[in-house]
Amino acid sequence: MKGLFGGEAVYKKIWEQRKQRSPRRSAGAPGLNCLVLGGGGREYAIAWRLANCNSVTTIDAVPGNAGLSLFTRVIDQSPDNVSWLDEHVLASFIDLAIVGTDELVAAGIGDALRRSGISVVGPSKDASKVEWSKSFAKELMAEAGIPTSRSESFADAGAAKEALAHWRAPVVVKADGLALGKGVTVARTLEEAAEALATPPANSGRVLLEELLEGEEASLQALVDGEVVVALPPARDHKRAHDGDTGPNTGGMGAFSPTVVLPDDQAQAVAEELIAPIAAALAKRGTPYRGVLYAGLMKTAAGWRVLEYNARFGDPEAEVTLPRIEGDFAKLLFALGEGRLAEYIAAEPIRFSKRHYVDVVLCAENYPGPPKTGMPIVGLDRLPENVLAFHGATKRNATGDVVVGGGRVMHIVASGDSIAEARDRAYAGAERVSFEGKFYRSDIAQQEVAVA
Ligand code: AMP
Ligand code: GLY
């Protein structure tokens, strides 16, 4: 992170400015000036949802992507440049900042932005350790009495390899730190586990061995303000690269919400059981959490188990859950970022729409390996009704065409009155958008359609 402890003078100016309440930046009615940090599908979904709120006047996206430039001001700056962020908050009268990505959260951008006194959705670096260190998460789970898989943490792969002798296959090998969803290997044999320990990212730094859990996964995101926990609509994602849950783990190949595995009406109770105790443990340690806390869950024969926590919205979970949150989402986030979540929710209880959403992710050739980029994307003007294209890794080339900019290129997000309808629409949309090397899974939400 660049220039973290720069310019007290900037904060003084921001405080002065805030005393006068946000002057208008644009010709619209006075309202919230928002800043979204990141540039993937999740940040697109956040900005899109904010853009649908009457309370919002402006949205800035840093660094954004080619699609975000259609309805936000995209600023080509590094989102971890703190002295620039401070100046930007001041110059653009920013009221609400949302830290989108795990790297920015872990770099302490939430802490840096909070110094200016604006509303920030994004936990402190210390509180987000629950995501950036899996061994810390396990420690906290033990302290808070959260059911999770048995595990052992090692200083390095060498020590883990020696300990393998005491483990029985199958075993899960996990890098301790952030790995863009690619740090986990489910090893069916001890040889496979040893192989994973010899390859990145497991072969550098702290690593965990974990008991394999069997069951159905669900993703539960919650707004957390100290000890106050408000569940968002549950979702499921598909992490493996290929159909039938084969191939390597990815950041996520698709998602849907709601889900029969964790119905909407059980979300708050499960969040009280599996997220609130973690929030309480963090508060007790003097590192209270303020932001979105995401629990990756597995419904086993013995009940719910937590696989991991993430200190941010899920990606692609945000794409299918944020459209389902009714009411003025910006005001809700603003209250959270100001530490007024309990008060806000008491007056405006959260409501989820009954519509079903499915996201099919269009990926670039070779993802999750280094993707092939630069190919033009066509067909965005030919999407069927009720289908949206949430841009992920897109950019513009010198002539202004929208081109592939990374691995998860485009999220085709469709809605319907049933999961089957939403799924059919998403796939109709996925076929119409093309670029060289495009691939996607053909079985997103397939099983859900069968059981719903
Ligand atoms: P994580 O990043 O910890 O959520 O792991 C990514 C994915 O790996 C999870 O969503 C699961 O599909 C799988 N996984 C992780 N830990 C386990 C486990 N202990 N048992 C079974 N699958 C797991
Ligand atoms: N979809 C999993 C994640 O956001 O980490």
Side-chain angles (χ1 to χ4, degrees), residues 38 40-43 45-46 100-106 128 130-138 141 146-153 167-188 193 196 201-202 207-221 232 234-241 244-257 259 261 274 291-302 304-322 359 361 368 392 407-408 411 441 444:
R42 165 183 46 216
E43 288 73 34
I46 295 167
T101 75
D102 45 355
E103 292 100 333
L104 293 172
V105 167
S128 71
V130 71
E131 171 165 17
W132 56 261
S133 168
K134 288 184 190 285
S135 43
F136 175 75
K138 285 287 189 188
M141 282 191 254
I146 300 282
T148 183
S149 57
R150 190 170 61 82
S151 78
E152 240 186 302
S153 167
W167 280 76
R168 269 192 313 167
V171 56
V172 181
V173 179
K174 284 190 185 182
D176 186 62
L178 296 181
L180 297 170
K182 300 162 200 162
V184 176
T185 305
V186 176
R188 294 284 153 191
V207 64
L208 285 80
L209 296 179
E210 242 180 66
E211 157 203 21
L212 181 83
L213 295 175
E214 314 259 12
E216 305 249 52
E217 285 187 53
S219 305
L220 181 59
Q221 306 160 105
L232 300 181
R236 294 195 70 177
D237 78 341
H238 296 259
K239 290 205 171 69
R240 299 296 196 96
D245 290 329
T246 58
N249 266 318
T250 68
M253 299 295 292
F256 57 89
S257 176
T259 170
V261 174
L274 301 177
V292 177
L293 186 50
Y294 160 134
L297 306 176
M298 176 89 83
K299 191 175 193 177
T300 69
W304 287 110
R305 297 286 180 271
V306 173
L307 293 176
E308 63 160 349
Y309 291 101
N310 292 326
R312 49 172 174 82
F313 287 113
D315 190 356
E317 286 87 343
E319 287 87 326
V320 292
T321 54
L322 299 195
D359 173 5
V361 184
R408 287 192 293 167
H411 297 254
R441 274 181 64 161
I444 303 300

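In what follows, residues are counted from 1 in the order of the sequence shown. Scope of the values below: all heavy atoms of this structure, side chains included, with no hydrogens, waters or symmetry mates. Both ligands and their constituent atoms are indexed starting at 1 by order of listing.
One option in R312, E308, K239 has a heavy atom closer to atom 5 (O) of ligand 2 than any other, and that option is R312. The heavy atom nearest to atom 22 (N) of ligand 1, considering only R305, E131, M298, is found in M298. In this comparison of E211, K239, R240, K174, the heavy atom closest to atom 7 (C) of ligand 1 sits on K239.
Across all non-hydrogen atoms, the minimal contact from P316 to D359 is CB-OD2, 3.2 Å. The two residues W167 and S151 come nearest to each other via the heavy atoms CH2-CA, 4.2 Å. Between G183 and P201 the shortest heavy-atom distance is CA-CG, 3.8 Å.
P147 pairs with exactly one of L274, V306, L297 by the side-chain contact (heavy atoms from CB on, under 4.5 Å) rule, that one being L274.
Near N249, meaning under 4.0 Å from one of its heavy atoms, ligand 1 places the atoms 8 (O).
When non-hydrogen atoms are compared, ligand 2 lies under 4.0 Å from the side chain of Y294 (C-beta onward) but not from its backbone. Counting heavy atoms closer than 4.0 Å to ligand 1, residue L212 contributes atoms from both its backbone and its side chain.
Residues E217 and V261 have side chains not in contact (no heavy-atom distance under 4.5 Å, counting atoms from C-beta outward).
The shortest heavy-atom distance from K134 to ligand 1 is under 4.0 Å.
Ion pairing between K134 and E308 holds under the 4.0 Å rule for side-chain N and carboxylate O.
The N/O atoms of E317, backbone and side chain alike, include one that comes under 3.5 Å of an N/O atom in ligand 2.
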